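Worksheet: one structure, shown below.
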Amino acid sequence: MDKPVFVLNGPNLNRLGTREPHIYGTATLADVEALCRAAVPGLAVDFRQTNHEGELIEWVHEAIGVAAAIVINPAAWSFTSLALLDALKMFPGPIVEIHISNIHRREAHYHHSYVSLAATVVIAGLGAEGYAAAVKAAAALAATPKA
Ligand code: DHK
């Protein structure tokens with residue numbers, strides 16, 4: 001695959017490793033990045049994190065025509081951002097939504113993700129390892145010719 005997979009991370013994920021380890025584990029964001037880069041040999045991965053919503057939206061815009069697929073952990077913006085949903089709806093390729101924790105087993109305000117309305121696949125509760133599964137799924141979906 002000549003086009004990269006964009007792996008985009010939302011707010012507070014730069015604090016992985018020390019942030020609520022009983023929920024998010026002890027893997028750091030650098031560990032997560034390494035998992036993504038090792039997931040599919042030869043696959044180009046563009047890995048980013050931001051605490052600024054507009055920047056994440058602009059990265060989704062940038063992915064249009066450039067990325068084969070998007071893997072996204074929107075973190076708290078999953079449950080609040082119609083702007084992010086609208087941006088993702090413009091992306092023509094597969095979108096894999098990833099959450100480290102099982103959001104459906106947590107507080108009610110984590111149960112409805114707007115991003116899931118644009119996602120091809122949703123992975124939640126596999127921990128940091130979920131990112132490797134997400135990159136593999138994104139690469140497989142991107143390689144599957146559209147019906
Ligand atoms: C990460 C967050 O920051 C939370 O806002 C979400 C998600 C869950 C995660 O599990 O990766 O609720």
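Every number for a ligand or one of its atoms is a count from 1 in the order of the listing. Here the structure is a predicted model, which means the values were calculated and not measured.
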Strictly below 4.0 Å, N to O, side chains only: are Arg48 and Glu62 in salt-bridge contact?
yes

Using a 4.5 Å cut-off on heavy atoms from C-beta on, say whether the side chain of Glu20 contacts that of Ser101.
no

Kindly state whether the ring of Phe79 and the ring of Tyr110 have centres lying under 6.0 angstrom apart.
yes

If you look at each N/O of ligand 1, which protein N/O atoms lie under 3.5 Å away, and at what distance?
unit_1   : atom_1 : unit_2 : atom_2 : d
ligand 1 : 3 (O)  : Arg19  : NH1    : 2.9
ligand 1 : 3 (O)  : Arg19  : NH2    : 2.9
ligand 1 : 5 (O)  : Ala76  : N      : 3.2
ligand 1 : 10 (O) : Ile100 : N      : 3.1
ligand 1 : 10 (O) : Ser101 : N      : 2.8
ligand 1 : 10 (O) : Ser101 : OG     : 2.7
ligand 1 : 11 (O) : Asn73  : ND2    : 2.9
ligand 1 : 11 (O) : Ile100 : N      : 2.8

Above 12 or not: heavy atoms from other molecules or residues under 6.0 Å from CZ of Arg106?
yes

Side chains of Phe47 and Val32 in contact at under 4.5 Å (non-hydrogen atoms)
yes

Separation between CD1 of Ile103 and CD of Glu97, rounded to the nearest 0.5 Å
6.0 Å

